[in-house]
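This is the structure I have questions about; it appears just below.
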Amino acid sequence: MSDTRPTVLSMKDVTLAFGPKVIQKNITLDVKKGSIFAVMGGSGCGKSTLLKSMIGLLRPTAGEYLVDGDRYWDGSEAERTELNHRFGVLFQSGALWSSMTIGENVALPLQMFTDLKPDVIRRLVELKLGFVGMLQAIDLQPSEISGGMRKRAGLARAIALDPDVLFFDEPSAGLDPITSARLDDLILNLRDGLGATIVIVSHELSSLFHIADDGIFLDAKTKIPIAHGSPRDLRDHCDEPQVHAFMHRERDEEGRN
Amino acid sequence: MQQPDFPTKDTAAPDWHLSSGESGPVLTLQGSWMARTGNIPSFPGNGLDAAPAGSTLAFDTRATTRWDTGLIAFLWDVKRVGHDRHITLDTQSLPAPMRQLLDLLPDVPADKPTSHKKRSTFLEVIGARTLNGLTEIGTVAELGAMTVKGGFLALTGRSRMRFVDLLTDTTNAGPYALLIVGIVNFLVGAILAFVGAVELQKFAAGIYVASLVGIAMVREMAAVMTAIIMAGRTGGSYAARISTMQGNEEIDALNVFGIPTSTYLILPAVLSLVITMPFLYLYGCLVGILGGFVVAISMLDITAAGYFHQTVISFGIGQFIFAFVKSIVFGAFIGLTSCRIGLKAGRSAADVGIAATRAVVVGIVGVIAIDAIFAVIADVVGI
């Protein structure tokens with residue numbers, strides 16, 4: 001590997017399972033600092049499950065998960081919470097807390113985990129909402145704004161604590177191409193500006209080719225990752241038929257019809 | 001920005017000063033600008049007064065040690081003040097990450113959508129409340145009419161109600177409620193017997209404990225207690241279920257298909273209560289009388305046969321039928337109001353909680369109010 005950037009997240013031979021049902025096995029990956037790492041694969045292959053495991057919602061049944069060289073699951077609950085403060089997560093539909101305004105949603109992590117005064121918090125909340133272009137919605141309820149705005153508000157909440165690693169679950173799902181492209185640019189800007197590392201689950205090809213520079217491809221049938229590398233590389237150089245079909249929007253001929 | 005610990009050398013307080021350079025004003029920033037420390041200064045509105053309007057402001061950030069979004073917050077202040085004073089910012093003099101973040105931010109304060117809440121006068125409030133109340137009564141009545149119509153259609157087999165739903169709802173409202181209805185009514189009967197026994201014993205009229213418990217349970221307690229339990233248990237769950245469906249757009253999906261919510265959702269809910277309430281009332285009467293019997297037998301010197309004889313002759317069949325009808329009305333009332341509250345609820349998680357609470361409160365208060373009306377009617381009719 002020619003990439004000399006330090007590794008932030010790393011998995012070694014991880015198996016993910018719900019009870020006896022194995023979702024993915026033999027997952028080995030390294031997420032480099034400052035990279036945009038894509039988790040790819042067809043529907044139902046376990047992309048979101050892998051993301052869940054990375055943010056500490058699902059304990060792998062086998063293998064190791066390292067965050068900055070520390071074994072994530074070996075630590076106590078409190079240590080894991082401490083590590084989770086370095087993560088920001090944008091859930092698929094924003095997952096805004098519906099009983100609070102957009103501003104309160106972004107403010108809550110700051111109120112819970114910092115000793116900042118209310119006016120300082122207000123200033124930071126305005127800043128984070130300003131980054132995503134949602135300043136005008138600060139006092140609105142989540143139910144009053146559109147799906148795309150909810151996603152941007154969710155992004156503002158994800159970066160509330162200036163995280164080192166940002167996780168995105170299907171950021172462009174349900175967005176129109178223009179909004180989705182703008183969100184991609186925003187992700188790039190935030191990566192460059194904040195120096196954050198980004199893990200993104202998506203099957204939106206145009207967005208993957210545009211922003212991701214590393215990745216992993218999960219196969220639903222064999223339940224193992226079948227390719228590693230950036231989406232552009234996989235598109236141009238990968239011979240694996242599944243990956244080829246995915247990257248070139250081909251129908252899976254021999255597969256499940 | 002990502003070091004977790006804070007080396008003391010790097011924690012020099014953030015500071016700034018404005019000077020004039022060769023090609024215009026220069027804003028020099030120094031120290032550590034971390035948002036978490038809470039010591040980020042705000043840029044005063046007159047901070048750029050020294051710079052001539054129309055000039056270009058350059059930045060010198062070489063003396064900053066560490067920074068995160070706290071620095072951007074400060075630069076944003078500068079950007080807004082600069083915009084007001086017609087001073088252009090030379091963002092090229094900022095390091096690329098700072099520039100990229102600053103470029104995302106608007107230079108004019110956003111005009112927030114003004115809230116449309118206006119103060120209304122006392123009369124307006126009364127008027128609005130009255131209209132609201134009347135509309136609500138109308139809506140519930142309409143809902144009731146639709147449900148009755150649906151019920152008749154169901155009898156002739158032409159309704160769109162699925163009997164699976166009716167069966168599920170009836171099972172939940174009936175057999176699964178037997179335990180709690182039994183416990184509560186048993187205890188109510190026992191308590192009545194206790195209270196009565198202490199007083200009646202003084203007059204050597206212990207046998208009338210049976211009459212007391214019998215009349216109280218059959219006329220009032222069994223029906224009211226059971227209805228209150230059902231309002232809390234089933235009414236609350238219907239309201240929560242329907243308001244969650246509202247939040248998930250499930251109600252919208254039903255409407256688009258043209259599946260009427262009144263027959264699909266509300267009819268089984270109301271019918272299940274109308275069907276089970278009378279049976280639960282009967283069961284409550286029996287268990288309550290049993291509770292009184294256990295206490296009376298253990299406290300007083302009366303025989304089991306004597307107790308039951310006294311119980312049977314204490315109330316007339318009219319009273320029994322009256323309360324039987326009452327329990328059906330309670331069931332219909334709880335079913336209709338809880339469904340209506342669920343349909344009317346907002347779409348957030350908090351709204352589901354509010355709907356469930358409201359259904360329970362309206363159910364309990366309504367049941368007691370209806371009971372009072374029935375008591376007046378009974379007095380007039382002479383039952």
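Both backbone and side-chain heavy atoms feed into the values below; hydrogens, waters and symmetry mates do not. Order of the sequence lines fixes the chain letters, A, B, ..., with proteins taken first and strands second; residue numbering starts at 1 for each chain.
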Audit row: B:N248, B:M245, side chain to side chain contact (heavy atoms under 4.5 Å, CB included) steps and yes/no:
CA-CA 5 Å; B:N248 285 342; B:M245 290 179 78; 5.8 Å; no
Choice from B:S42, B:G247, B:A349 maximising heavy atom contacts with chain A below 4.5 Å:
B:S42
Under 4.5 Å from any heavy atom of chain A - which part of B:D77:
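Just its side chain gets close to chain A.
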Is the ring pair B:F74/B:W16 parallel, tilted or perpendicular, if the boundaries are 30 and 60 degrees?
tilted
From the options A:L50, A:V199, A:D214, select the one residue that forms a side chain to side chain contact (heavy atoms under 4.5 Å, CB included) with A:L29.
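Looking at A:L50, A:V199, A:D214, the match for A:L29 under the side chain to side chain contact (heavy atoms under 4.5 Å, CB included) is A:L50.
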Proximal component of A:L186, with respect to chain B [non-hydrogen, under 4.5 Å]:
side chain
Choice from A:V120, A:L188, A:T114, A:N189 maximising heavy atom contacts with chain B below 4.5 Å
A:N189
Within a strict 4.5 Å, meaning less than it, do heavy atoms of the A:W97 and A:L108 side chains meet?
yes
